[in-house]
Number of protein chains: 2
Amino acid sequence: MPADRGQSGPPTISEVAAEAGVGRATAARTLGGYGYVGPELRERVLAAAEKLGYRANALARSMSTGVTHTLGVIVADIGNPFFAGVLRGISDTSRARGFDTIVLSTYEDLDEEVAAANVLIDKRVDGVIIASAAVDRREVAHIRAAIDRDIPVVLVDRMVPSLDLDTVVIDNRDAAREAVETLIAAGHRRIGFVWGPPMAEAPATRRDLLAEAARNLWSDQERLRGYLDALDDARIPFDPELVMVGDKTEEHCTQEVARMLALPDRVTAVFCTEAEAVTGTLRALRTAGLSYPRDISLIGFDDNPWASVMDPPLTMIEQPVHDLGAKAAEVLLDILGGADPRHETHVLRSRLITRASVAAPS
Amino acid sequence: MPADRGQSGPPTISEVAAEAGVGRATAARTLGGYGYVGPELRERVLAAAEKLGYRANALARSMSTGVTHTLGVIVADIGNPFFAGVLRGISDTSRARGFDTIVLSTYEDLDEEVAAANVLIDKRVDGVIIASAAVDRREVAHIRAAIDRDIPVVLVDRMVPSLDLDTVVIDNRDAAREAVETLIAAGHRRIGFVWGPPMAEAPATRRDLLAEAARNLWSDQERLRGYLDALDDARIPFDPELVMVGDKTEEHCTQEVARMLALPDRVTAVFCTEAEAVTGTLRALRTAGLSYPRDISLIGFDDNPWASVMDPPLTMIEQPVHDLGAKAAEVLLDILGGADPRHETHVLRSRLITRASVAAPS
DNA sequence: CTGTTAGCGCATTCAT
DNA sequence: ATGAATGCGCTAACAG
């Protein structure tokens with residue numbers, strides 16, 4: 001236990017120096033682990049530090065060195081297992097290289113994202129990883145602000161074309177295409193796309209849909225493209241009624257799937273772009289008294305323990321969440337270590353885990 | 001966009017002052033929002049700041065004020081929805097009161113927890129919330145270190161009796177008792193307790209079990225007590241074979257439930273103390289070719305969207321995760337605001353959500 | 001109302 | 001090898 005010096009606040013390096021009977025600089029050198037210090041004085045300083053319970057003030061240190069040894073991370077929603085996994089990848093590799101990480105969740109709100117960026121800038125983090133990027137050109141001022149201050153930025157999961165930054169993503173388009181192809185191979189032609197762009201009403205044409213998608217999250221639009229790719233390859237006509245638009249909430253998803261299920265020529269399969277969309281879809285099935293894969297087939301993004309214990313177990317797409325984060329941290333730390341930013345897009349592979357939620361249409 | 005002054009690093013308050021043609025202090029006062037500044041100079045300073053893209057250096061500010069306006073949060077596992085929810089409660093209320101929050105996840109590792117505490121101390125956070133507390137007396141040195149430095153600490157979910165701190169928890173014991181009572185009321189007498197203490201082998205006696213439990217996570221032992229309470233009230237003898245011990249992993253859980261299922265007098269119901277234990281249990285059921293609630297009844301902790309879309313839907317205990325975090329932040333911020341620490345235990349109510357995983361034993 | 005001055009705790013020249 | 005002095009960017013007394 002630290003000796004109680006009637007002082008106010010935690011012990012400073014000066015107090016340690018005094019206790020050890022040496023100059024400040026000597027104490028600073030041994031405690032900071034730099035410069036030369038004789039073995040004897042070194043011992044005395046260490047003993048004094050131990051006795052007083054000294055811990056370096058990271059603020060003061062950063063103040064004079066100009067670096068904080070900490071990475072700032074902005075995620076869209078820390079409650080989403082996808083981001084939680086990415087985060088773990090980031091913190092594992094950054095801590096392994098001696099960096100702390102401070103994470104801020106925007107809960108999918110742009111204002112929050114801007115605020116988060118400012119917090120990180122103000123706290124002088126050495127680098128920033130963003131897994132929650134706005135897409136619109138006018139919405140990236142806060143990211144540019146960081147870059148202008150020479151704070152390296154790496155993006156994860158969501159690409160921002162107008163920014164030209166190192167970005168780590170998965171093969172969203174391929175993954176979506178593979179999933180939908182799987183559905184098609186099983187014989188489906190009426191395939192719902194659940195969790196689309198947040199437009200007010202159904203797109204009149206395929207072109208409208210793509211135009212709208214382009215204004216939204218990058219990963220979302222890639223998944224939509226993959227869906228369309230698969231349809232095209234199989235010469236299945238695009239039907240705007242089979243794509244969900246509007247709020248991305250589980251509740252709205254349930255409504256939309258219910259709608260697609262009530263269509264004269266109803267959907268026989270559904271492709272979900274997110275785990276929450278899967279639960280929303282399942283809820284709609286239950287209400288409609290339908291069961292999978294008998295009445296309807298189902299493939300969703302973001303595998304998780306629940307998907308595998310469902311009865312029947314769900315065929316899902318698994319993302320390399322940990323690697324996504326690890327890679328991002330790696331790239332960022334390399335830049336901080338002096339490497340030139342490559343402004344590359346690093347694509348990691350996802351994996352379709354085949355289980356039992358796909359069958360031939362009834 | 002900030003003007004590019006061939007300078008190095010972001011603009012400082014001195015540069016803003018120079019640009020505005022005023023003294024440092026005047027610039028500092030208007031930018032820092034304290035003291036009196038004439039309307040005209042104020043305008044000039046603001047304009048200069050805007051022009052240079054000035055942002056206050058939080059490090060420097062904290063350096064001289066001694067406060068950081070940030071809360072440190074240590075959680076056991078940020079990938080666990082329970083903690084993610086608590087975290088949101090914390091960040092919502094702390095940001096509403098002008099505090100940033102920096103969160104560190106220990107991934108249930110004590111060394112990580114100690115490291116996390118040190119990071120927070122070094123970064124001079126104003127207060128700390130811990131939702132991941134070690135229990136053993138010798139393991140709380142890092143928490144005590146914070147307290148010794150006059151950093152207020154509030155605990156969430158896990159109580160540490162030896163510390164006498166403000167603590168926010170739910171009625172774990174009651175919640176568990178209610179769940180097990182529900183099972184008993186349905187006619188069950190062979191009820192498994194899944195996710196128990198990490199002892200090497202099954203406890204010989206009830207006393208052994210409790211002794212071991214006392215050395216573990218507080219919420220876990222409370223849940224065990226609730227289980228025993230319910231058994232006692234119904235005069236059902238305690239059977240050590242019906243409690244899982246060992247690693248708290250989904251995999252081991254599956255093994256243990258399989259074991260209980262293979263017993264001559266097998267379990268007819270299972271009470272799970274965590275969501276992961278539920279998926280582990282479901283996996284065991286599948287392998288055994290059993291289904292609920294026909295062959296076995298089931299109640300688990302930590303409700304979530306998946307539990308409600310299972311077929312049949314699961315009866316689960318819902319914790320007020322957001323409130324838990326919000327309350328903790330509130331208590332902590334009140335202390336920082338000058339209130340005396342009450343060293344109270346704040347108990348929030350959980351709720352049993354009855355669905356369809358409980359039936360009479362077959 | 002405004003400008004000058006002195007720290008906050010540490011790292012880092014520069015003499016010694 | 002060690003100590004004294006200076007500065008990081010900001011707040012806060014203090015004069016004026």
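All heavy atoms count here, side chains included; hydrogens, waters and symmetry mates do not. Everything numeric here is computed off the predicted structure, so don't read it as measured data. Chain naming here is simple, since letters A, B, ... match the order of the sequence lines and numbering starts at 1 in each.
Taking for each of Tyr34(A) and Val22(B) the nucleotide of DNA chain C with the nearest heavy atom, the 5'-most of the two is the partner of Val22(B). Comparing Arg124(B) and Pro39(B), the nucleotide of DNA chain C nearest to each residue sits closer to the 5' end for Pro39(B).
Atom CG of Leu52(B) and atom P of dG9(D) are 14 Å apart (whole Å). Summarising the geometry, the separation between CG on Leu59(A) and C1' on dG7(C) is reported as 16 Å, rounded to the nearest angstrom. To the nearest angstrom, P of dA11(C) lies 11 Å from NE2 of His69(A). Atom CG in Leu31(B) sits about 14 Å away from atom P in dT2(C), given to the nearest Å. Atom CG in Asn57(A) sits roughly 13 Å away from atom C1' in dC8(D) (whole-Å rounding). Between the C1' atom of dG9(D) and the CZ atom of Arg61(A) lies a distance of 19 Å, rounded to the nearest Å. Residue Met63(B) contributes atom CE, which lies 14 Å from atom P of dG9(D) at whole-angstrom precision. Nucleotide dC8(C) holds its C1' atom 12 Å from the CZ atom of Arg24(A), rounded to whole Å.
For the side-chain contact (heavy atoms from CB on, under 4.5 Å) criterion with Leu71(B), the lone passing option out of Leu120(B), Leu336(B), Thr93(B), Val154(B) is Leu336(B).
Taking the side chain as every heavy atom from C-beta outward, Arg342(A) and Asp166(A) approach each other to under 4.5 Å. Counting heavy atoms from C-beta on, the side chains of Leu165(B) and Ile147(B) come closer than 4.5 Å. With a 4.5 Å cut-off on side-chain heavy atoms, Asp100(B) and Lys123(A) count as touching.
Under 4.0 angstrom from either OP1 or OP2 of dT2(C) there lies no side-chain N or O belonging to Thr26(B). In this model, the phosphate group of dT2(C) is not approached by any side-chain N or O of Tyr36(B) to a distance below 4.0 Å at OP1 or OP2.
Side-chain atoms of Arg29(A) and base atoms of dG3(D) include a donor and an acceptor less than 3.5 Å apart.
When distances are taken from the side chain of Thr65(B) to each of dA12(D), dT2(D), dG9(D), the shortest belongs to dA12(D). For Ala25(B), taking side-chain heavy atoms from C-beta onward, the closest of the listed nucleotides dC10(D), dG3(C), dC10(C) is dG3(C). For Thr12(A), taking side-chain heavy atoms from C-beta onward, the closest of the listed nucleotides dT11(D), dC10(D), dC10(C) is dC10(C). The side chain of Ser64(A) lies closest to dA11(C) when the candidates are dA11(C), dA13(D), dC10(D).
In this structure, Arg29(B) CZ and Arg24(B) CZ are separated by 13.0 Å, a value rounded to the nearest 0.5 Å.
Using a 4.0 Å heavy-atom distance criterion, Leu41(A) is classed as a sugar-phosphate-only contact.
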